[in-house]
Amino acid sequence: MTDEFYLAAVPEPRTILGLRLRPLSLGHLLLLHRVKSAFVTADEGEPAYHDLALSVLICSQTWEQNIATFDDQDLPEFMRRWHDQLTGADSFWVKIGFRKFRPIDLQSKCLEFADYLKEGSKIPDYDFNPGDFRELAVPSIELIKVTLMRDLHISESEILDRSWALCLWDHVVLKALNNEVKMYGRDAKEQALAAAEQLAENIKSGKFHGNS
């Protein structure tokens, strides 16, 4: 669990479509939901290139940079030039037919970005009593944002660029400190799963007899 925390705090660097991604942040997720990115919605099927490109662009910038980008009237032209640079379509030799257009492996790039989201959204293992929680009709992003702003005195501008995985860790740790949840290591989880599987096998084979 210790290594998982450090990885959440300082994730491995990622580059997709030629852009260096920042650690997945709370603000990134908010914007991905705002633009209805296929990577955070329940839509089935492979995302289109423009969906991947916009999602990658969002995650390569800070919150303030993204807001400025969305207000930029030249954004469509930037997206076109970016695509042409990736594919070589802006090359004189491609235009006159001396070199081939470089296709983008959309499937592999989508898988890379999906893995980036998965790694950036890992949460520590914990257990809780469902009866101790009350349901709130707000997105989990907003719940965690407000909780951390209240308990850690983090400003909204700071938390929007904060690592999402680190936010999740802080949220769980705060609940653990209040005895609302119980955190446990991955080894304990794997041991419990192994014991459950062995119990199921014993029952299936007739080796389980009451408390014996």
Output all residues satisfying salt bridge (charged side-chain N to carboxylate O under 4.0 Å, His left out) with R22, sequence neighbours left out; order by chain, then residue number.
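Not a single residue meets the salt bridge (charged side-chain N to carboxylate O under 4.0 Å, His left out) criterion with R22.
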
For the hydrophobic clusters of this structure (ILVMFWY residues joined by side-chain heavy atoms under 4.5 Å, transitively), does one cluster hold both I159 and V146?
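As far as the 4.5 Å side-chain criterion goes, V146 and I159 are not connected within one cluster.
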
Under a 4.5 Å side-chain heavy-atom rule over Ile, Leu, Val, Met, Phe, Trp and Tyr, are L111 and L21 clustered together?
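In one cluster with L111: L21, no.
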
With [X] via side-chain contact (heavy atoms from CB on, under 4.5 Å) - residues at least two apart:
X    : answer
P11  : P23
A48  : H50
S108 : D105
L174 : L148, D151, L152

Got a sec, which residues hit ring pair (Phe, Tyr, Trp, His ring centres under 6.0 Å) with Y116, two or more places apart in sequence or on another chain?
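Applying ring pair (Phe, Tyr, Trp, His ring centres under 6.0 Å) to Y116 gives F113.
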
For F70, ring pair (Phe, Tyr, Trp, His ring centres under 6.0 Å) partners two or more places apart
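Testing F70 for ring pair (Phe, Tyr, Trp, His ring centres under 6.0 Å), a comparison that skips the adjacent residues, returns none.
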
Quick test of your reading: applying salt bridge (Lys or Arg N to Asp or Glu O under 4.0 Å), list the pairs with at least one residue in residues 109-119, sequence neighbours left out, ordered by first then second residue.
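Applying salt bridge (Lys or Arg N to Asp or Glu O under 4.0 Å) to every pair that reaches into residues 109-119, excluding sequence neighbours, yields R14-D115, K109-E112, E119-K122.
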
Applying salt bridge (Lys or Arg N to Asp or Glu O under 4.0 Å), which residue pairs with at least one partner in residues 53-79 are found, sequence neighbours left out?
E77-R80, E77-R81

How would you list all residue pairs meeting side-chain hydrogen bond (donor to acceptor under 3.5 Å, both in side chains) that involve residues 139-149, not counting sequence neighbours?
E142-K145, K145-E156

Test of understanding: with side chain to side chain donor-acceptor pair (under 3.5 Å), list the residues that count as partners of T62, not counting sequence neighbours.
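By the side chain to side chain donor-acceptor pair (under 3.5 Å) rule, T62 matches Q65.
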
With sequence neighbours left out, the residues meeting side chain to side chain donor-acceptor pair (under 3.5 Å) with T69 are Q61

How many angstroms lie between CG in L17 and NE2 in H83, if you round to the nearest 0.5 Å?
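Going from the CG atom of L17 to the NE2 atom of H83 covers 9.5 Å.
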
